[in-house]
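What follows is one structure encoded as structure tokens, with my remarks underneath.
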There are 2 protein chains.
Amino acid sequence: MGEDLSVLLKNLNLKVTPKRLAILDILDAEMRYLGPDEVWQRMKARFKSIGLPTVYRNLEELANGGVLIKIIHPDRKLYYYLCRNTDHHHHFICISCKKVEDLFFCGASEIEREVKNNLKGHVISHLMQVYGLCEDCAATKTIST
Amino acid sequence: MGEDLSVLLKNLNLKVTPKRLAILDILDAEMRYLGPDEVWQRMKARFKSIGLPTVYRNLEELANGGVLIKIIHPDRKLYYYLCRNTDHHHHFICISCKKVEDLFFCGASEIEREVKNNLKGHVISHLMQVYGLCEDCAATKTIST
DNA sequence: AAGATAAATAGAAACTATTTCTTTTTATAT
DNA sequence: ATATAAAAAGAAATAGTTTCTATTTATCTT
Ligand SMILES: [Zn+2]
Ligand SMILES: [Zn+2]
Ligand SMILES: [Zn+2]
Ligand SMILES: [Zn+2]
């Protein structure tokens, strides 16, 4: 599995460094979105020397390359999620445990039509995220931070 | 028109101060979303003494009260928009001129169904914004910052 | 396999949007 | 008019994020 992570980097013409592989590995093992600081904490367990700017830089590069997606959060901090689904889709985010799940519903065509017909405008992109409780958390009904 | 702005404040049990009315008036006159600093600049033209924290505080209070809506922007800064439409709806945002327009399409029920049936989860809220070029900007095809 | 080269990283420092704090002022109810 | 609690000024602090420079490292070339 470390193999296919390095392929991700090579495809982006990024050098395959231990730090980059570790960042990917950390996110690959998570079903949740993580912030730079959270990733940094885990990196410090793996490397004796690891700078926070390195984490920021790599997360951003990987997001720009499409390997990670940015999670839009009401707190306006940076969060990233490694999503293997390369098709256009949206996400359901559990506000209790931070788990991310793919959604297949997307109103792109309806939006496109409405913007074209009613507003006479042109759609470039759209953002959709759904917040709620995942199956486990809905069962527990306990909301943590 | 100043009258119905003060009603908005009274409904929220907020004191009707000149600063608050001015902030609302500034946003009411705009079809675009504005950031705190942009609002502050305009406030400084109206008041000899006006603090930036006052602008921040009021914008946030008004957003919490539902009078303003927060615009989610890729730059992760704060932006507000005064929307008179109190029904649930979403927005089309022109990335060229920052104009905001209401959309009527909303996939809430489809999302709800998908989350319930496929993920066995529970939807609490959803966020949708559409980015593009408004009629005027699409015609001009010139994208400013 | 060793050297060359450009990219990546560490660590410190800077940045800046946003928030907090304390004092003074002001809107509103009595 | 007075009392009271909310609002605002102004300064200061915060914290997430970005920038900078010197050093290290991955990868390409021979
Ligand atoms: Zn959950
Ligand atoms: Zn979509
Ligand atoms: Zn426009
Ligand atoms: Zn909706």
Side-chain angles (χ1 to χ4, degrees), chain A residues 2-3 5-26 33-65 67-68 70-80 145, chain B residues 2-3 5-26 33-44 46-65 67-68 70-80:
Chain A
E3 263 325 291
L5 291 179
S6 61
V7 168
L8 291 176
L9 296 175
K10 283 171 184 157
N11 288 342
L12 297 177
N13 290 313
L14 294 175
K15 288 186 179 178
V16 180
T17 69
K19 306 274 168 79
R20 276 199 180 120
L21 283 172
I23 288 173
L24 280 176
D25 187 55
I26 286 165
Y33 60 83
L34 298 178
D37 195 74
E38 217 166 352
V39 172
W40 190 40
Q41 299 307 329
R42 299 179 191 205
M43 290 292 280
K44 285 195 278 193
R46 300 194 188 195
F47 299 92
K48 63 178 188 319
S49 164
I50 171 69
L52 186 53
T54 297
V55 174
Y56 271 89
R57 187 178 353 94
N58 278 297
L59 288 172
E60 193 58 23
E61 282 168 347
L62 292 167
N64 287 339
V67 170
L68 302 180
K70 283 193 186 189
I71 295 292
I72 302 297
H73 196 283
D75 72 9
R76 290 177 302 116
K77 290 178 191 164
L78 290 168
Y79 294 104
Y80 299 89
T145 45
Chain B
E3 265 324 292
L5 292 178
S6 60
V7 169
L8 291 176
L9 296 175
K10 283 172 183 156
N11 288 343
L12 298 176
N13 290 313
L14 294 175
K15 290 187 177 174
V16 181
T17 68
K19 307 275 168 79
R20 275 199 181 119
L21 284 173
I23 288 173
L24 279 177
D25 187 56
I26 287 165
Y33 59 84
L34 298 178
D37 195 73
E38 216 166 353
V39 174
W40 190 39
Q41 300 308 328
R42 299 179 193 207
M43 289 292 280
K44 285 195 279 192
R46 300 194 188 195
F47 299 91
K48 63 180 187 320
S49 164
I50 169 70
L52 186 52
T54 297
V55 174
Y56 271 89
R57 186 177 355 93
N58 280 298
L59 289 172
E60 193 58 23
E61 283 167 346
L62 293 168
N64 289 339
V67 171
L68 302 180
K70 284 192 187 190
I71 294 293
I72 303 296
H73 196 283
D75 71 9
R76 291 176 301 115
K77 290 178 190 162
L78 290 169
Y79 294 104
Y80 299 88

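What you see is a predicted model; the values in this text were computed from it and never measured. By convention in this document, chain letters (A, B, ...) are assigned in the order of the sequence lines, proteins followed by strands, and residues within each chain are numbered from 1.
Remark: C1' of C:dA8 and CD1 of A:Ile23 are 11 Å apart, rounded to the nearest angstrom. Between the C1' atom of C:dA27 and the CD atom of B:Glu61 lies a distance of 14 Å, rounded to the nearest Å. Rounded to an integer number of Å, the gap from CG of A:Asp75 to C1' of D:dG16 is 10 Å. To the nearest angstrom, P of C:dA7 lies 19 Å from CG of A:Leu21. Spacing between atom CZ of B:Arg20 and atom P of C:dT26 amounts to 15 Å, rounded to whole angstrom units. Rounded to whole angstrom, the span from the CG atom of B:Leu12 across to the P atom of C:dA27 amounts to 18 Å. One atom, NZ of B:Lys10, and another, C1' of D:dA7, lie 17 Å apart when rounded to the nearest Å. At whole-Å resolution of the value, CZ in A:Phe47 and P in C:dA8 are 15 Å apart.
Among the nucleotides C:dA10, C:dT19, D:dA9, the one closest to the side chain of B:Leu78 is C:dT19. When distances are taken from the side chain of B:Ile50 to each of C:dA8, C:dT18, D:dA9, the shortest belongs to D:dA9. Ranking C:dA8, C:dT20, D:dT27 by closeness to the B:Pro53 side chain, first place goes to C:dT20. Side chain of B:Lys15, nearest nucleotide from D:dA5, D:dT19, D:dA9: D:dA5. The side chain of A:Lys77 has D:dG16 as its nearest neighbour among D:dG16, D:dA8, C:dA10. Closest approach to the B:Tyr56 side chain among C:dA8, C:dA17, D:dG10 is made by C:dA17 (side chain taken as heavy atoms from C-beta onward).
Regarding contacts with the backbone of D:dA9, a side-chain N or O of B:Thr54 is found under 4.0 angstrom from either OP1 or OP2. Contact between the side-chain N/O atoms of A:Thr17 and the OP1/OP2 oxygens of C:dA7 is not found at any separation under 4.0 Å. Here B:Ser49 does not reach the OP1 or OP2 of D:dA8: none of its side-chain N or O atoms lies under 4.0 Å away. Distances shown here put every side-chain N or O of B:Asn58 at or beyond 4.0 Å from the OP1 or OP2 atom of D:dA7. For the OP1/OP2 pair of D:dT18 and a distance below 4.0 Å, the side-chain nitrogens and oxygens of A:Arg57 include no atom meeting the criterion. Applying the 4.0 Å criterion to OP1 and OP2 of C:dA10, one finds that A:Lys19 has a side-chain N or O inside that range. One finds a side-chain N or O of B:Arg76 lying less than 4.0 angstrom from the OP1 or OP2 phosphate oxygen of D:dT17.
Between B:Pro18 and B:Glu60, it is B:Glu60 whose nearest contact on DNA chain C lies nearer the 5' terminus.
Note on A:Asp25 versus A:Arg46: salt bridge recorded, some NZ/NE/NH1/NH2 to OD/OE distance being below 4.0 Å.
At least one side-chain heavy atom of B:Arg57 sits under 4.5 Å from a side-chain heavy atom of B:Glu61.
Ring geometry for B:Tyr33 versus B:Tyr79: interplanar angle over 60°, hence perpendicular rather than tilted (30 to 60°).
Within the 3.5 Å criterion, the main-chain N or O of A:Asn58 finds no donor-acceptor partner in the side chain of A:Arg20. One N or O on the side chain of A:Trp40 and one on the backbone of A:Ile50 form a donor-acceptor pair closer than 3.5 Å.
When all heavy atoms are compared, the tightest approach of A:Pro18 to A:Phe47 is O-CZ, 3.6 Å.
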